[in-house]
Amino acid sequence: MRASRHAAPTSLPIGSDADLAWVRQQVRQTAAELGFGLVQQTKLVTAASELARNTLVHGGGGHVEITPLDTGPSPGLRLTFVDAGPGIRDLDQAMTDGYTSGGGLGLGLSGAKRLVHEFDVDSRPGEGTTVTVTAWATVVPPARPGSR
């Protein structure tokens, strides 16, 4: 594994709407520093926004760990959202497009999953939920000499 100048994880609280904005800002900034393109940044920030809101609204608050990764051919970013809320009673149902336990569109978990490369949920009723997502920056090959 290569050493990374971005290796230090950052933990941010999620306890208010202001925290949601801060999480989005920090995810975008870190992704940009790692070389994620604008579209990739937008996808990752959208997933982070959905998951942070779920942490706040359904989990009663918690935190996110933002961990830059430098373990492969391209940089990556792992986001781990943790709450000590009621947990998810039926994970299969919660991952179904259109299902909502609130008043939303029902695309939070399933939508976030489609926006990242790796997605994992660990939820225990009465103990809380941890959602971990990872995205990898797409490496654009350099232009060949003489090509247009």
Side-chain angles (χ1 to χ4, degrees), residues 1-140:
M1 177 166 71
R2 291 181 283 160
S4 172
R5 60 188 165 97
H6 302 285
T10 301
S11 182
L12 301 174
I14 300 173
S16 69
D17 285 338
D19 292 338
L20 299 180
W22 183 241
V23 167
R24 286 190 297 269
Q25 180 181 358
Q26 291 303 300
V27 168
R28 182 173 300 281
Q29 179 180 331
T30 305
E33 289 171 358
L34 290 168
F36 282 70
L38 186 57
V39 171
Q40 291 177 299
Q41 291 175 39
T42 301
K43 287 180 178 182
L44 192 54
V45 169
T46 301
S49 183
E50 290 292 335
L51 296 172
R53 179 155 297 283
N54 281 356
T55 300
L56 178 63
V57 173
H58 301 292
H63 71 276
V64 60
E65 291 283 331
I66 301 172
T67 307
L69 304 173
D70 194 11
T71 58
S74 65
L77 191 55
R78 176 169 297 132
L79 306 174
T80 304
F81 296 85
V82 180
D83 70 60
I88 302 171
R89 281 193 294 271
D90 187 340
L91 187 56
D92 289 335
Q93 185 180 39
M95 291 298 300
T96 303
D97 283 349
Y99 172 77
T100 180
S101 61
L105 298 174
L107 297 174
L109 287 176
S110 61
K113 182 178 181 178
R114 283 191 295 273
L115 295 170
V116 297
H117 296 106
E118 300 169 22
F119 183 93
D120 182 65
V121 178
D122 180 20
S123 187
R124 294 187 175 94
E127 295 181 30
T129 301
T130 299
V131 179
T132 304
V133 299
T134 305
W136 300 96
T138 302
V139 176
V140 178

Original post:
Does the pair Phe81 and Asn54 meet the rule for a side chain to side chain contact (heavy atoms under 4.5 Å, CB included), with working shown?
Top reply: CA-CA 9 Å; Phe81 296 85; Asn54 281 356; over 6 Å; no
**OP:** Test Trp136 against Gln40 for side chain to side chain donor-acceptor pair (under 3.5 Å), laying out the working first.
**Re:** CA-CA 9 Å; Trp136 300 96; Gln40 291 177 299; over 6 Å; no
Original post:
Do Thr134 and Arg78 come within less than 4.5 Å of each other through their side chains, counting heavy atoms only?
Top reply: yes
Original post:
Would a 4.5 Å heavy-atom cut-off, applied to side chains only, mark Leu12 and Ile66 as touching?
Top reply: yes
Subject >> Residue pair Phe119 / Val131, side-chain heavy-atom distance below 4.5 Å >> reply: yes
Original post:
Should Leu109 and Ile88 count as side-chain neighbours, where that means a heavy-atom distance under 4.5 Å?
Top reply: yes
Subject >> Leu38 and Arg28, any side-chain heavy atoms less than 4.5 Å apart >> reply: yes
Subject >> Flag side-chain contact, heavy atom, 4.5 Å: Leu20 against Arg53 >> reply: yes
Subject >> Value rounded to 0.5 Å, distance of CG in Leu51 from OG1 in Thr129 >> reply: 11.0 Å
Original post:
How about Val121 and Leu91: do any of their side-chain heavy atoms sit closer than 4.5 Å?
Top reply: yes
Original post:
Which distance, rounded to the nearest 0.5 Å, do you find between the CG of Asp19 and the CD of Gln26?
Top reply: 11.5 Å
Subject >> Within-4.5 Å side-chain heavy-atom neighbours: Val82 and Thr55 >> reply: no
